[in-house]
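Read through the structure below, which is laid out as structure tokens, and then see the notes.
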There are 2 protein chains.
Amino acid sequence: MEKKYEVVINALLKEMQDGAYSVDAKLPTELALMSQFQVSRHTVRKALADLEGRGYVYRIQGGGSYVADWQKNCQQRDTGQNVAVLTTHISDYIFPAIISGIEETLTAQGTSLLLGSTQNDPERERQSLVQYLNSNIQGLIIEPTKSALGLKNQDLYQQFLDRKIPVITINAKTSLPKVPYFVMDDFGAGKLATKKLLDLGHQQLLGIFKTDDQQGIDRMNGFNRAIQETQTAIDIQLITYQTENVQTQMFERLSRILATKDARPTGIIAYNDQIAMTAYNLATKYDLKVPQDLSIVGFDNSLLSHSLGVQLVSAIHPQAQMGRDVAALMIKMIAEPTRNYAQFAKTYAPELSAGESVAAYQPKK
Amino acid sequence: MEKKYEVVINALLKEMQDGAYSVDAKLPTELALMSQFQVSRHTVRKALADLEGRGYVYRIQGGGSYVADWQKNCQQRDTGQNVAVLTTHISDYIFPAIISGIEETLTAQGTSLLLGSTQNDPERERQSLVQYLNSNIQGLIIEPTKSALGLKNQDLYQQFLDRKIPVITINAKTSLPKVPYFVMDDFGAGKLATKKLLDLGHQQLLGIFKTDDQQGIDRMNGFNRAIQETQTAIDIQLITYQTENVQTQMFERLSRILATKDARPTGIIAYNDQIAMTAYNLATKYDLKVPQDLSIVGFDNSLLSHSLGVQLVSAIHPQAQMGRDVAALMIKMIAEPTRNYAQFAKTYAPELSAGESVAAYQPKK
DNA sequence: TTCATTGACTTGTACGTATAAATAGGCTAG
DNA sequence: CTAGCCTATTTATACGTACAAGTCAATGAA
């Protein structure tokens, strides 16, 4: 049942919002309101006190009660929820889709999205996190930088948790409790992709992996595991590189390998679709046909994988779906912060997309 | 003289600030406080009500009064600057790069970025704008929805201006004064792209344009102008479509045209790289070689344009640079809001990227 | 005319009382 | 040992009274 003082409050609020009173207009006296609503002075005063606390009216002892500039004081209250999303990159392959998925779900819930990127630099990550700590956000979704080298700004992560601000990581696990993570099973994906080529009879494989994020490490380990588990002898080449030296470490070495005729691999497991695409273009340049002469498997099933001359076989990354899942969990965590959400962490099972960049091994004539 | 309820308030505040109570610790009951301070229940309640209104305590009916997390509620006011960025899409072709450019510049200035997307739906745009009006942002960067059909939510745009919140539009001009815009010269780009094919001797052209945003209209007008200005007789086909019916209106008609042998165009001007890519893939399917049998020009110089079998000739969209320029201007506008910044609007001159998807017309044998 | 006084009016502080509603803890029955 | 019930505690709503303190306008004296 609606309480008496609420009746008074709502009646006054309605009049104000309908424009019956202009700013600084005088409201009826307490005595008048008492008889108008047939309530005691106490009740009228409680209603007015409440409205004053919320910034709708101001009162002058001995003078009267007046309507405040509530449009300014009350509406502009920053009531909406904000969730910060901090990824390593914004415009690179899968990130737009993830961010888009997060945005879609958050916006549907009336929650705003604060976006930042770290360029995979722990120092930038630190700056952004400090900034977010000083602004009012209700949640943090973060893809940690240089995840293979251990969590860099753990102290700041902890500060969010201390303030009861829920944190979710994507593309990396953390050792922090109460921080659910959303990751691809990169190990499994690496294993699956490699197994695909092994099953097709390939015996000379090239793996290209980035080693400064956990994703790359996991995919490489999956690659190695698949090879260990096979019975036949496999000829392996490995290119590893880090973010800073894609060009020197990766591109040139890959060119050299593809240029050789003897020990040339018949199958490539590329760290991601971008690298796979580079390999594809290089192969075309050296007159190697994909998949007849060279099979290529990529990762992430990005837009790129659809736009090559052949449809690229790629380990499917959930992308937008992951974004939607993350955002949905975040909304739950904000609504009910007390529970432990660690169990809601999700590892997406690996799967290969259909495509034409892979074929059974054909011995060279 | 200090009022009795002020005595109670100050005593409790002091204890809390001295750390006598931790967060969520239970305060003495009203009865206990009555005897402690020798005041009536009314006075105790007024003191507690005041503290509750100021965010220092919370009360549970039947449970008791508890100290709130006042360090969070009372001290930390959010000081940082926020700029909202509202685009039609987030993950599609050029938007990630634009957003990334904006983010880069804003973050460097310690300004946060609130991201939203409208899916080119004026109703969604409206919801997001209302949300931004209710949160504290210092600037708005927006790509208006359905820009060809006129500005839909002009009243809301005006509300931002009324509140002295600077607004910048991208990819579309507005009739509003004091709103600078950042656009490609789409008319010029359309003309330039078309001229390129005409100069190479093509006489049978197909234009594919989206007609529900200003970009599409402008590019199409540029296309038409280039043809009007040429001296020779040109055979023209046009496919127009809207966001909702890419598949039915565009894809099927394009397939039909490429399948015909007689009136098949020798050059295609595609609304953007995505359409150009679709055309390329369709052409390959019908055994047409690009550029020997068919020249294709795209727009936006997106990632896609680099990943086809041939490097796509595309009208260069500044993308990340536009994002950086927009953000830099926004920061100026926030710092000095009084000036008129309309003159800082920027139109990027058209330019074609180098590529191999275009060749001189060769009469069929 | 000007200024201080006065008194009616209005809001603020403070106490008293009664009842309602929610919670917490103890008890009992199963 | 648990689920449900009961009771005491505690806060919430609501009425009443009295007086303090500030505002405002009318009155009256300088």
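Convention: sequence-line order gives letters A, B, ...; per-chain numbering from 1.
- Between Arg59(B) and dT10(D) there is no side-chain polar atom (N or O) within less than 4.0 angstrom of OP1 or OP2.
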Report all interatomic pairs (protein N or O, nucleotide N or O of nucleotides 20-22 of chain D) with separations under 3.5 Å.
unit_1  : atom_1 : unit_2   : atom_2 : d
dA21(D) : O4'    : Gln61(A) : NE2    : 3.4
dG22(D) : N2     : Gly62(A) : O      : 3.2

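- Defined by atom type and a distance below 3.5 Å, a donor-acceptor pair is missing between the side-chain atoms of Thr87(A) and Glu143(A).
- In this structure, the CD atom of Glu52(A) is 18 Å from the P atom of dT10(C), given to the nearest Å.
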Might you list the N or O atoms of the protein lying below 3.5 Å from N or O atoms in nucleotides 4-6 of chain D, with each pair's distance?
none

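- Pairs engaging residues 19-28 of chain A under the salt bridge (Lys or Arg N to Asp or Glu O under 4.0 Å) rule: none recorded [sequence neighbours left out].
- The shortest side-chain heavy-atom distance between Met184(A) and Pro318(A) falls under the 4.5 Å cut-off.
- Listed by chain and number, the residues in a salt bridge (charged side-chain N to carboxylate O under 4.0 Å, His left out) with Lys164(B) amount to none (sequence neighbours excluded).
- We find that CG of Leu31(B) is positioned 13 Å from P of dT17(C), with the value rounded to whole Å.
- Checking side-chain atoms of Asp185(A) against main-chain N and O of Gly188(A) turns up a donor-acceptor pair under 3.5 Å.
- The shortest side-chain heavy-atom distance between Tyr5(A) and Val44(A) does not fall under the 4.5 Å cut-off.
- Between Ile9(A) atom CD1 and dA14(D) atom P the separation is 10 Å, expressed in whole Å.
- In this structure, the side chain of Asn153(A) engages the main chain of Pro122(A) through a donor-acceptor pair within 3.5 Å.
- Following rounding to the nearest Å, Lys4(A) (NZ) and dA20(C) (P) show an atom-to-atom distance of 13 Å.
- With no hydrogens or angles considered, no side-chain donor-acceptor pair links Thr88(B) and Gln119(B) at under 3.5 Å.
- Of the residues in residues 34-51 of chain A, those placing a heavy atom less than 4.0 Å from an atom of DNA chain D are Val39(A), Ser40(A), Arg41(A), His42(A), Thr43(A), Lys46(A), in numerical order.
- Between dT10(D) and Ser65(B), no contact under 4.0 Å exists linking OP1 or OP2 to a side-chain N or O.
- OP1 and OP2 of dT10(C) both lie 4.0 Å or more from every side-chain N or O belonging to Lys26(A).
- Separation of the Tyr157(A) and Phe160(A) ring centroids does not fall under the 6.0 Å cut-off.
- Between the OH atom of Tyr5(A) and the P atom of dA20(C) there is a distance of 17 Å, rounded to whole Å.
- Among residues two or more places apart in sequence or in another chain, the salt bridge (charged side-chain N to carboxylate O under 4.0 Å, His left out) test is passed with Asp155(A) by Arg126(A).
- Checking side-chain atoms of Asp50(B) against main-chain N and O of Lys46(B) turns up no donor-acceptor pair under 3.5 Å.
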